[in-house]
Amino acid sequence: MLYLLNVYWIVFIVLLLFFNIYCFHAFIVSRWGQFAPFAPTLGHQKHFIIAKLDDLLQKADKTMAIIDAGCGNGKLLRALAERFPAHRFIGLEWSLPYFKYCVWSSAKYKNLVFRHQDMFQYDFGCADIIICFLIPKMAGRFGDKAQREMQENCLVISNGLEFPQLELTERSGKFSGIFPQEVFVYKKRQAAE
Ligand SMILES: C[S@@+](CC[C@H](N)C(=O)[O-])C[C@H]1O[C@@H](n2cnc3c(N)ncnc32)[C@H](O)[C@@H]1O
């Protein structure tokens with residue numbers, strides 16, 4: 001019994017240590033909380049995004065360009081590039097280690113490229129669909145940029161973050177589980193007549 005209790009505490013302390021290291025790392029790479037640190041889109045949110053793309057890309061009569069603005073380790077894009085080989089995927093990531101990992105782990109996908117750059121320096125005008133998983137501090141700047149640069153038919157699929165500058169076309173509704181946040185689908189807001 002005492003042995004089991006010791007194992008439990010050791011596992012607990014190791015997990016706590018990893019969590020603290022992750023938080024410290026996230027705080028630094030997010031430039032002191034100004035930008036989204038790395039956290040992957042998982043579970044219900046990932047399924048909703050894939051189902052939405054399934055629907056949009058199967059109907060598409062041309063090759064679509066899909067951007068993941070802040071693609072992290074690129075896992076979401078690899079899943080999409082594999083599933084939709086006829087379409088083009090672009091990952092924007094400014095963290096060099098994540099960018100290098102993306103390039104290294106995605107060599108076999110001919111329809112997937114990565115750019116090592118600040119998403120705010122990239123022109124969204126070439127995108128048909130923009131996926132993002134960002135933090136509230138980025139909402140103002142990102143929403144303004146998307147509204148300014150998006151083509152008429154471009155959609156933004158946002159995990160968790162709302163953009164009042166854009167026009168909401170669909171929302172997933174809250175999910176159950178530890179990460180209940182919604183996924184929102186937006187299009188460019190039309191200027192009032
Ligand atoms: C929450 S993660 C999302 C990862 C991936 N999109 C997903 O949904 O699984 C956000 C990523 O955006 C990157 N990021 C944050 N601000 C950025 C910026 N201004 N330009 C490029 N990448 C940025 C971070 O380094 C991080 O890897």
Side-chain angles (χ1 to χ4, degrees), residues 30 34-72 74-81 83-84 86-94 111-115 117-177 179-193:
S30 68
Q34 296 303 308
F35 295 92
F38 172 62
T41 291
L42 300 168
H44 295 299
Q45 288 78 11
K46 187 173 176 180
H47 289 138
F48 180 89
I49 293 173
I50 292 180
K52 185 74 208 157
L53 283 173
D54 246 331
D55 182 40
L56 293 168
L57 296 183
Q58 265 163 35
K59 282 190 226 147
D61 54 6
K62 60 162 192 162
T63 301
M64 304 277 266
I66 299 101
I67 293 180
D68 186 352
C71 63
K75 194 158 188 261
L76 179 62
L77 277 183
R78 278 190 293 284
L80 295 171
R83 201 175 170 92
F84 309 107
H87 298 283
R88 222 159 48 80
F89 296 84
I90 303 156
L92 308 177
E93 177 55 56
W94 70 356
N111 58 337
L112 172 55
V113 292
F114 293 95
R115 304 252 179 272
Q117 74 174 93
D118 183 349
M119 66 175 84
F120 292 104
Q121 304 298 323
Y122 189 89
D123 188 347
F124 288 165
C126 67
D128 294 296
I129 299 170
I130 302 167
I131 304 167
C132 60
F133 181 14
L134 305 175
I135 58 168
K137 281 204 171 151
M138 297 173 79
R141 204 170 155 203
F142 186 93
D144 290 347
K145 176 178 167 62
Q147 172 63 21
R148 201 170 50 243
E149 295 177 354
M150 272 160 73
Q151 307 169 34
E152 291 305 310
N153 297 326
C154 178
L155 293 177
V156 171
I157 304 181
S158 168
N159 181 357
L161 191 59
E162 294 183 64
F163 300 111
Q165 304 91 325
L166 305 175
E167 188 177 326
L168 186 67
T169 62
E170 191 179 344
R171 59 196 302 167
S172 62
K174 283 209 174 185
F175 295 107
S176 56
F179 302 117
Q181 85 268 12
E182 289 190 60
V183 179
F184 303 94
V185 183
Y186 292 97
K187 67 176 185 179
K188 194 179 177 103
R189 195 177 281 285
Q190 298 306 312
E193 304 259 307

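With N111 contributing its side chain and H87 its backbone, the two residues share a donor-acceptor pair below 3.5 Å. A side-chain donor-acceptor contact under 3.5 Å links K188 to the backbone of Q147. Checking side-chain atoms of E93 against main-chain N and O of F114 turns up no donor-acceptor pair under 3.5 Å.
For residues 149-158, the side-chain hydrogen bond (donor to acceptor under 3.5 Å, both in side chains) pairs, not counting sequence neighbours, are K145-E149, E152-Q190.
Taking 4.0 Å as the cut-off between side-chain N and carboxylate O, R148 and D144 do not count as a salt-bridged pair. Ionic pairing of R171 and E182 is present here: one or more N-O contacts between side-chain nitrogen and carboxylate oxygen are shorter than 4.0 angstrom.
Residue F179 places its CZ atom among 12 or fewer non-hydrogen atoms of other residues, nucleotides or ligands, all under 6.0 Å distant. By the neighbour-count criterion of 12 heavy atoms within 6.0 Å, atom CZ of R189 is densely surrounded, having more than that number from other residues, nucleotides or ligands.
Side chains of L166 and K187 form no contact here, defined as non-hydrogen atoms less than 4.5 Å apart. Inter-residue side-chain proximity for Q45 and F175 is flagged as met; some heavy-atom pair is nearer than 4.5 Å. Contact annotation: the side chain of F120 approaches that of R141 to within less than 4.5 Å [non-hydrogen atoms, C-beta and beyond]. T41 has its side chain within reach of I49: a pair of non-hydrogen atoms, C-beta onward, lies under 4.5 Å apart. Using a 4.5 Å cut-off on side-chain heavy atoms (C-beta onward), I66 and I131 make contact. Looking at L53 and L80, their side chains come closer than 4.5 Å, going by heavy atoms from C-beta outward.
The CZ atom of F89 lies 10.0 Å from the CE atom of M64; values are rounded to the nearest 0.5 Å.
Both the sub-6.0 Å distance and the 45° axial angle are not jointly satisfied by R115 relative to the ring of Y122.
Partners of F124 under the ring-ring contact (aromatic ring centres under 6.0 Å, His included) rule, at least two apart in sequence or in another chain, are F142. For R83, the salt bridge (Lys or Arg N to Asp or Glu O under 4.0 Å) test picks out D54, with sequence neighbours left out.
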